[in-house]
Amino acid sequence: REPGRVGEAVPQEIPPDPPLLPSTLSLPSSHPSLPVAGGDTGWADSEVDSSCAGQPIHLWQFLKELLLKPHNYGRFIRWLNKIEDSAQVARLWGIRKNRPAMNYDKLSRSIRQYYKKGIIRKPDISQRLVYQFVHPV
DNA sequence: GAAAAGGAATTCC
DNA sequence: GGAATTCCTTTTC
């Protein structure tokens, strides 16, 4: 009864501490815009279809429908994820790469190397801790 | 003050 | 050799 706000998906919570090694960190390449912290967040597909038996649809349901089909509506509305805890993300990356001295300064430098390669870029309206995967051609 | 942006040197596979 | 790391300075938010 308290759906996340649309436009920015705020991860509910970050795994406390466990040095988990998600070997298959699925980066939704289908999403046009997102940061490095990925995964579905916020509202699970609890009441996906908005057909609550003739009840008039709620706005938030409608918005979710659009968000669910980025292929159709991604140009108009889409989830935007952002890095919430840069230090933690860097720490996880350091664990994955066995680089204990990793930090966000270095991680972000590596991300910036992607700019000229056209893999990741900064969104048109640059925001802190927000990057954008470039659509593959 | 933390994040962004790069240049440059170094390290790793 | 390429990707990533390390280190650094300057600029922006």
Side-chain angles (χ1 to χ4, degrees):
Chain A
R1 53 139 47 109
E2 177 57 87
R5 59 180 73 77
V6 179
E8 56 171 279
V10 178
Q12 284 308 77
E13 54 178 315
I14 299 167
D17 231 332
L20 41 83
L21 300 180
S23 59
T24 53
L25 178 58
S26 70
L27 289 177
S29 57
S30 55
H31 286 198
S33 165
L34 48 55
V36 192
D40 277 0
T41 131
W43 234 199
D45 306 317
S46 42
E47 284 133 319
V48 186
D49 79 333
S50 32
S51 63
C52 209
Q55 236 65 9
I57 186 173
H58 289 200
L59 172 61
W60 66 268
Q61 295 173 317
F62 170 72
L63 295 175
K64 269 190 60 185
E65 282 182 3
L66 300 189
L67 288 165
L68 228 48
K69 302 189 187 322
H71 181 68
N72 300 340
Y73 309 112
R75 262 178 282 278
F76 315 131
I77 182 173
R78 63 174 185 258
W79 292 105
L80 280 181
N81 301 328
K82 70 187 292 286
I83 295 175
E84 294 289 337
D85 191 329
S86 57
Q88 286 289 67
V89 174
R91 191 180 64 84
L92 292 173
W93 175 234
I95 291 171
R96 172 68 71 83
K97 291 291 295 294
N98 198 22
R99 234 0 102 99
M102 183 52 58
N103 58 27
Y104 184 69
D105 178 51
K106 299 180 214 174
L107 184 152
S108 62
R109 183 67 191 94
S110 294
I111 290 180
R112 266 174 258 128
Q113 301 277 57
Y114 287 142
Y115 291 172
K116 58 174 173 289
K117 296 185 183 178
I119 299 174
I120 288 180
R121 57 170 237 219
K122 215 66 174 131
D124 296 322
I125 332 94
S126 181
Q127 292 181 86
R128 291 186 152 207
L129 298 175
V130 175
Y131 297 91
Q132 188 175 117
F133 280 99
V134 176
H135 255 168
V137 193

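Please read these numbers as outputs of a predicted model, since none were measured by experiment. Values reported hereafter were calculated over all heavy atoms of this structure, with side chains retained and with hydrogens, waters and symmetry mates removed. Just so it is clear: chains get the letters A, B, ... in the order the sequence lines come, proteins before strands, and each one is counted from 1.
- Scanning both residues, A:Ala90 and A:Tyr104, for their nearest heavy atoms gives CB-N, 3.4 Å.
- Terminal axes of the helix from B:dG1-C:dC13 to B:dC13-C:dG1 (five pairs each, C1' rotation axis) are separated by 30°, to the nearest 10°.
- In this structure, the side chain of A:Lys122 does not engage the main chain of A:Gln132 through any donor-acceptor pair within 3.5 Å.
- Counting 5' to 3', DNA chain B first comes under 4.0 angstrom of a heavy atom of chain A and last does so at the ends given by B:dG1 to B:dC12.
- Heavy-atom minimum distance, A:Lys82 versus A:Val130: CB-CG2, 3.5 Å.
- In this structure, A:Ser86 OG and A:Arg91 CZ are separated by 12.5 Å, a value rounded to the nearest 0.5 Å.
- Across all strands, A:Lys117 comes closer than 4.0 Å only to sugar-phosphate atoms, never to a base (heavy-atom distances).
- In this structure, A:Trp60 and A:His58 have perpendicular ring planes: the angle between them is above 60°, well past the 30° mark.
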Output one line per pair: protein atom, nucleotide atom from nucleotides 11-13 of chain C, and distance, for all N/O pairs under 3.5 Å.
| unit_1 | atom_1 | unit_2 | atom_2 | d |
| --- | --- | --- | --- | --- |
| C:dC13 | O2 | A:Arg128 | NH2 | 2.6 |

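- Residue A:Leu63 holds its CG atom at 9.0 Å from CD1 of A:Ile57, rounded to the nearest 0.5 Å.
- The backbone N or O of A:Pro123 sits nowhere less than 3.5 Å from a side-chain atom of A:Ser126 that would complete a donor-acceptor pair.
- Nearer the 5' end of DNA chain B, as judged by each residue's closest nucleotide, is the contact made by A:Lys122, out of A:Arg99 and A:Lys122.
- Spacing between atom CG of A:Asp105 and atom P of C:dT10 amounts to 15 Å, rounded to whole angstrom units.
- One interatomic measurement links the two molecules: CD of A:Gln113 to C1' of C:dG2, which rounds to 11 Å at whole-angstrom precision.
- Nearest heavy atoms, A:Trp93 versus A:Met102: CD1-CG, 3.7 Å.
- Using modelled atom types, one side-chain atom of A:Lys106 and one backbone atom of A:Ala101 make a donor-acceptor pair closer than 3.5 Å.
- Here the CG-CD distance, from A:Leu59 to A:Gln61, works out to 9.5 Å after rounding to the nearest 0.5 Å.
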